[in-house]
Visitor: 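Below you will find the structure I want to go over with you.
Letters go in sequence order (proteins before strands), and every chain restarts at 1. Computed from a predicted model, the values in this text were never measured in an experiment.
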Number of protein chains: 2
Amino acid sequence: MVYGARNRTSAGETGRDAIVFAAADCFMQAGYDATSIDDVAARLNATKGRVYHYYRSKADLFFDVQRRGMEINLATLEPIALGPGDPLARLTAMCRSHLSVMMEYLNFQRVVMQGVEMHLAGATTPAQRRELARLMAERERYEGLFRKVLVEGRQAGLFAFANPSFASKAVLAVLNNPVLWFRRRDGDDAASRQAIIDEFTAFALNCVRAA
Amino acid sequence: MVYGARNRTSAGETGRDAIVFAAADCFMQAGYDATSIDDVAARLNATKGRVYHYYRSKADLFFDVQRRGMEINLATLEPIALGPGDPLARLTAMCRSHLSVMMEYLNFQRVVMQGVEMHLAGATTPAQRRELARLMAERERYEGLFRKVLVEGRQAGLFAFANPSFASKAVLAVLNNPVLWFRRRDGDDAASRQAIIDEFTAFALNCVRAA
DNA sequence: TCATGGACATACTACCGCGTATGTTGGCAG
DNA sequence: CTGCCAACATACGCGGTAGTATGTCCATGA
């Protein structure tokens with residue numbers, strides 16, 4: 001390999017960004033454990049050196065992918081959840097937005113879901129534990145946005161459920177489901193994507209809608 | 001270790017069974033990759049020798065855990081799905097039964113869910129590929145039970161949805177959700193468990209119920 | 001009572017993948 | 001022109017783990 005191949009990937013993808021995107025793809029395809037740092041580097045036509053220049057460990061990289069995913073989610077959903085409109089209208093908009101983001105940033109979202117189930121047994125360093133706590137807090141905050149709107153809607157007589165926490169979990173379960181099976185290029189006309197958004201939004205709303 | 005410690009765990013847990021149960025626990029706690037064969041053996045107060053005496057590879061063991069889980073699921077749900085009663089009554093019973101089984105056999109169910117997301121990239125041997133195909137077929141069959149009842153209910157005007165496949169996925173997404181956060185000993189009075197069954201059954205039914 | 005095989009334990013190998021220590025280069029600042 | 005540093009590449013060391021080869025014990029039947 002010629003040392004001088006210093007091609008800053010023309011587009012704005014600065015060092016860290018390119019690595020996070022590559023890592024998101026790898027983690028999505030193979031999962032955390034099955035993805036090696038060499039895999040991530042290979043996807044960049046680079047070597048471990050490049051990755052470890054920006055990240056101190058594999059776990060740190062994994063955390064950063066999740067952080068980016070949650071940043072996107074919160075940035076798009078918070079304005080809607082805290083914005084104007086009656087609870088039903090807001091929840092509808094939240095569902096549509098959530099589904100749209102999920103399918104757009106599929107790789108990041110799948111990594112986020114992996115992180116939820118994993119707890120990453122043994123986050124050794126204190127820094128890692130702190131980062132993990134932050135991620136959990138952001139997830140909790142995201143779910144809290146749904147809970148808030150749901151409770152408001154229940155007081156308005158629009159929704160019906162006993163336990164707000166259960167309700168938010170059920171709604172998110174429905175909304176996250178397409179992440180498990182949706183694939184780009186799978187008849188990816190905007191039409192089919194729109195059909196998924198429409199139908200799963202309806203499912204999610206029906207879950208909690210009052211009779 | 002004294003060689004003579006041949007204590008056949010009094011109860012009927014024959015060789016294979018004890019291993020599958022231990023493996024289910026380990027895989028549930030730590031996931032597939034993070035679980036070593038030594039971990040499984042340690043949980044049995046035994047060594048790798050015992051595991052490899054019954055299973056030819058780690059993947060085979062993982063498959064067997066999934067197989068047992070799916071066996072339980074199909075055995076309990078098929079009679080209900082194909083039994084008598086109108087579609088709404090049957091779907092209700094299916095939801096309650098599914099939730100009940102999930103919480104009862106939590107460890108197996110979490111392993112099954114892992115298997116769904118994993119595809120176990122690179123099932124090397126043909127035998128493993130065949131076993132994997134069988135598992136996928138059983139999962140498909142299980143989901144098919146829901147689809148069947150859903151379509152029947154739609155024809156009867158009880159349910160409303162566009163795509164039967166989407167509908168079954170949404171229902172199962174709701175029903176499987178408790179597996180992600182439910183823990184034994186977490187205020188495990190039959191009462192709280194019953195509350196979960198009641199509420200998530202309602203969520204699942206509402207998803208697809210006609211207005 | 002002796003041989004045989006099932007049910008494990010022990011000891012070992014081979015490999016992979018993380019992290020690190022050390023090069024190598026180009027692009028700045030002065 | 002020179003020194004310095006960021007941005008990588010290269011080359012290991014080292015631990016952990018899957019799988020194997022072999023040893024040991026017990027039960028059973030002939």
Side-chain angles (χ1 to χ4, degrees), chain A residues 1-10 12-23 26-27 29-65 118 120-125 127-128, chain B residues 1-10 12-23 26-27 29-65 118 120-125 127-128:
Chain A
M1 161 89 47
V2 183
Y3 264 85
R6 196 64 53 84
N7 59 338
R8 198 53 318 97
T9 40
S10 58
E13 281 195 354
T14 166
R16 286 184 93 90
D17 279 351
I19 294 173
V20 190
F21 286 127
C26 290
F27 287 142
Q29 282 190 357
Y32 178 75
D33 301 273
T35 299
S36 75
I37 298 288
D38 289 312
D39 290 339
V40 177
R43 181 165 295 238
L44 295 165
N45 288 73
T47 65
K48 303 158 67 116
R50 182 159 171 197
V51 176
Y52 277 101
H53 181 67
Y54 292 95
Y55 291 94
R56 307 188 64 192
S57 76
K58 185 180 173 183
D60 285 339
L61 177 54
F62 187 64
F63 286 148
D64 203 30
V65 176
M118 188 181 300
L120 203 56
T124 20
T125 76
Q128 284 180 2
Chain B
M1 161 89 45
V2 183
Y3 265 85
R6 197 64 51 86
N7 57 339
R8 195 62 308 99
T9 40
S10 58
E13 281 196 354
T14 166
R16 285 184 94 89
D17 279 352
I19 295 173
V20 189
F21 287 126
C26 292
F27 286 142
Q29 281 190 357
Y32 179 76
D33 301 272
T35 299
S36 75
I37 298 288
D38 288 314
D39 291 339
V40 177
R43 183 166 293 240
L44 296 165
N45 288 74
T47 65
K48 302 159 66 116
R50 183 160 171 196
V51 176
Y52 277 101
H53 181 68
Y54 293 96
Y55 292 93
R56 306 189 64 194
S57 76
K58 185 181 173 184
D60 285 339
L61 177 55
F62 187 64
F63 286 148
D64 203 30
V65 176
M118 189 180 300
L120 204 57
T124 20
T125 76
Q128 283 180 4

Visitor: Could you tell me how far apart A/L61 (CG) and C/dG17 (P) are, to the nearest whole angstrom?
Guide: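 Whole-Å distance recorded here is 16 Å.
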
Visitor: Expressed as a whole number of angstroms, how long is the span from B/R50:CZ to D/dG23:C1'?
Guide: 19 Å

Visitor: Other residues, nucleotides and ligands only: do more than 12 of their heavy atoms fall within 6.0 Å of CZ on B/R56?
Guide: no

Visitor: Output the rounded distance in Å from CG (B/D33) to C1' (D/dA18).
Guide: 12 Å

Visitor: Can you tell me if A/T35 and A/Q29 form a side-chain donor-acceptor pair at under 3.5 Å?
Guide: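 No pair is found: no donor N or O on one side chain lies under 3.5 Å from an acceptor on the other.
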
Visitor: Let me know the distance between CG of A/D60 and P of C/dG19, rounded to the nearest Å.
Guide: 9 Å

Visitor: Which of residues 35-42 of chain A have a heavy atom under 4.0 Å from DNA chain C?
Guide: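 Of all residues in residues 35-42 of chain A, the ones placing a heavy atom under 4.0 Å from DNA chain C are A/T35, A/S36, A/I37.
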
Visitor: If we only count heavy atoms from C-beta on, is the B/K58 to B/S36 side-chain gap below 4.5 Å?
Guide: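 A side-chain contact under 4.5 Å is absent here.
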
Visitor: Kindly give the heavy-atom pair with the smallest separation between B/V65 and B/A23, and that separation in Å.
Guide: CG2-CB, 3.9 Å

Visitor: Measure from OH on A/Y55 to P on C/dG17 and round the result to the nearest Å.
Guide: 21 Å

Visitor: Could you pick out which residue, A/A34 or B/Y54, lies toward the 5' side of DNA chain C when each is mapped onto its nearest nucleotide?
Guide: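 First, find each residue's nearest nucleotide; the 5'-ward one identifies B/Y54.
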
Visitor: Taking atom types as they are modelled, would you say the side chain of B/K58 forms a donor-acceptor pair with the base of D/dG19 within the 3.5 Å cutoff?
Guide: no

Visitor: Which nucleotide wins on minimum distance to the side chain of B/T47, given the candidates C/dG6, D/dC8, C/dA9?
Guide: C/dA9

Visitor: Do B/Y55 and B/V20 have side chains that get closer than 4.5 Å, going by heavy atoms?
Guide: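 Of all side-chain heavy-atom pairs linking B/V20 with B/Y55, at least one is under 4.5 Å.
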
Visitor: Across the strands shown, which category fits B/Y52 at heavy-atom distances under 4.0 angstrom: base, sugar-phosphate, nothing?
Guide: base

Visitor: Rounding to a whole Å, what distance do you find between A/R56:CZ and C/dG19:P?
Guide: 11 Å

Visitor: Let's see if you can work this out: which of C/dG19, C/dA9, C/dA7 has an atom nearest to the side-chain heavy atoms of B/H53?
Guide: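 Looking only at side-chain atoms, B/H53 lies closest to C/dA7.
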
Visitor: Can you find an N or O donor on one side and an acceptor on the other, under 3.5 Å apart, linking the side chain of B/K48 with the base of C/dA9?
Guide: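 No, no donor-acceptor pair under 3.5 Å.
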
Visitor: Do any N or O atoms from the side chain of B/R50 and from the backbone of B/A41 form a donor-acceptor pair under 3.5 angstrom?
Guide: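 No: the side chain of B/R50 does not pair with the backbone of B/A41.
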
Visitor: What is the separation between atom CG on A/L44 and atom P on D/dC8, rounded to the nearest whole Å?
Guide: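 It works out to 10 Å between those atoms.
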
Visitor: Among residues at least two apart in sequence or on other chains, which ones pass side chain to side chain contact (heavy atoms under 4.5 Å, CB included) with A/A127?
Guide: A/T125, A/R130

